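As structure tokens, the structure follows; a few thoughts come after it.
On a predicted model such as this, the values are computed, not experimentally measured, just so you know. Start at 1 with the first residue, then count along the sequence.
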Amino acid sequence: MTGHEDPHPIYERLRALGPLTGEGGLWFTTSHAVANPELASAVVEETLRWAPPVQMTSRIAHERVHGIGKDEVVTLLIAAANRDPEVYPEPHKFDVMRVHKPEHLAFSSGIHYCLGATLARMEGEVAFRALARRMPDLRQTGPVVFRDSVVIRGMRSMPVSRS
């Protein structure tokens, strides 16, 4: 575990991302998910890449590396790494049909990899399938308001309606 508890489970984030409402976004995908439940995994992974729950974290360098001194604190911008144009074509586009899908850093990596990653992915897939099946007509009716936090991203509110 990274030491951060995620107060906003993935199924909340799946509904919380304002820019996902257009073509190719979450609500577009939701309307097609009843007929294509295999999209759930792709939506979860792209959501985690596009808007990871932990935006940044810090580590201490145990040796001098690339101009970083031993014992210096290094801040890692996880969200920025997940938008690297050398790794992800059109990185600012939310695209559940993304062909090139390298591993994102939403759950960190190496010895810091989140022990709950598998459970979080499973929760997201189950929640997305249930949302698509039970409320395929759910639509966003106003802007998403996010928490005031530079470390953990989470939604404060998102108005929705069943049209």
Quiz item: Counting only heavy atoms not in Glu90, do more than 12 fall under 6.0 Å of its CD?
Solution: no
Is there side-chain contact between [X] and [Y], with at least one heavy-atom pair below 4.5 Å?
{"X": "Met155", "Y": "Arg147", "answer": "no"}
{"X": "Val151", "Y": "Met56", "answer": "yes"}
{"X": "Glu46", "Y": "Ser41", "answer": "no"}
{"X": "Ser108", "Y": "Cys114", "answer": "no"}
{"X": "Leu39", "Y": "Met97", "answer": "yes"}
{"X": "Val74", "Y": "Ile60", "answer": "no"}
{"X": "Arg156", "Y": "Asp148", "answer": "yes"}

Quick check on the hydrophobic clustering: are [X] and [Y] connected, directly or via other members, by side-chain heavy-atom contacts under 4.5 Å?
{"X": "Met122", "Y": "Phe128", "value": "no"}
{"X": "Phe107", "Y": "Val87", "value": "no"}
{"X": "Phe146", "Y": "Val160", "value": "yes"}

Quiz item: For Arg134, which residues count as a salt bridge (Lys or Arg N to Asp or Glu O under 4.0 Å) partner, sequence neighbours excluded?
Solution: none
Self-check item: Residues forming a salt bridge (Lys or Arg N to Asp or Glu O under 4.0 Å) with Glu86, sequence neighbours excluded
Solution: none
Quiz item: Are Arg98 and Tyr88 in a cation-pi contact, defined as NZ or CZ under 6.0 Å from the six-membered ring centre and within 45° of the axis?
Solution: no
Any chance you could measure [X], atom [atom1], to [Y], atom [atom2], to the nearest 0.5 Å?
{"X": "Thr141", "Y": "Met158", "atom1": "OG1", "atom2": "CE", "answer": "8.0 Å"}
{"X": "Glu103", "Y": "Asn82", "atom1": "CD", "atom2": "CG", "answer": "9.5 Å"}
{"X": "His112", "Y": "Leu76", "atom1": "NE2", "atom2": "CG", "answer": "9.0 Å"}
{"X": "Arg64", "Y": "Asp71", "atom1": "CZ", "atom2": "CG", "answer": "12.5 Å"}
{"X": "Leu105", "Y": "Leu77", "atom1": "CG", "atom2": "CG", "answer": "11.5 Å"}

Exercise. Taking all heavy atoms of Pro91 and all of Pro85, pick out the closest pair and write down the distance.
Key: CG-CA, 3.9 Å
Self-check item: Considering all heavy atoms, the nearest Leu48-Ala106 contact
Solution: O-CB, 3.4 Å
Practice problem: Look at the side chain of Arg83 and the backbone N and O of Trp50, then say whether any donor-acceptor pair between them is shorter than 3.5 Å. | Solution: yes
Quiz prompt | Exam field: side chain Glu72 to backbone Ala61, donor-acceptor pair closer than 3.5 Å | solution = no
Practice problem: Determine whether the side chains of Arg49 and Thr47 contain a donor N or O and an acceptor N or O closer than 3.5 Å. | Solution: no
Quiz item: Are Glu45 and Arg121 close enough for a salt bridge, meaning some N to O gap below 4.0 Å?
Solution: yes
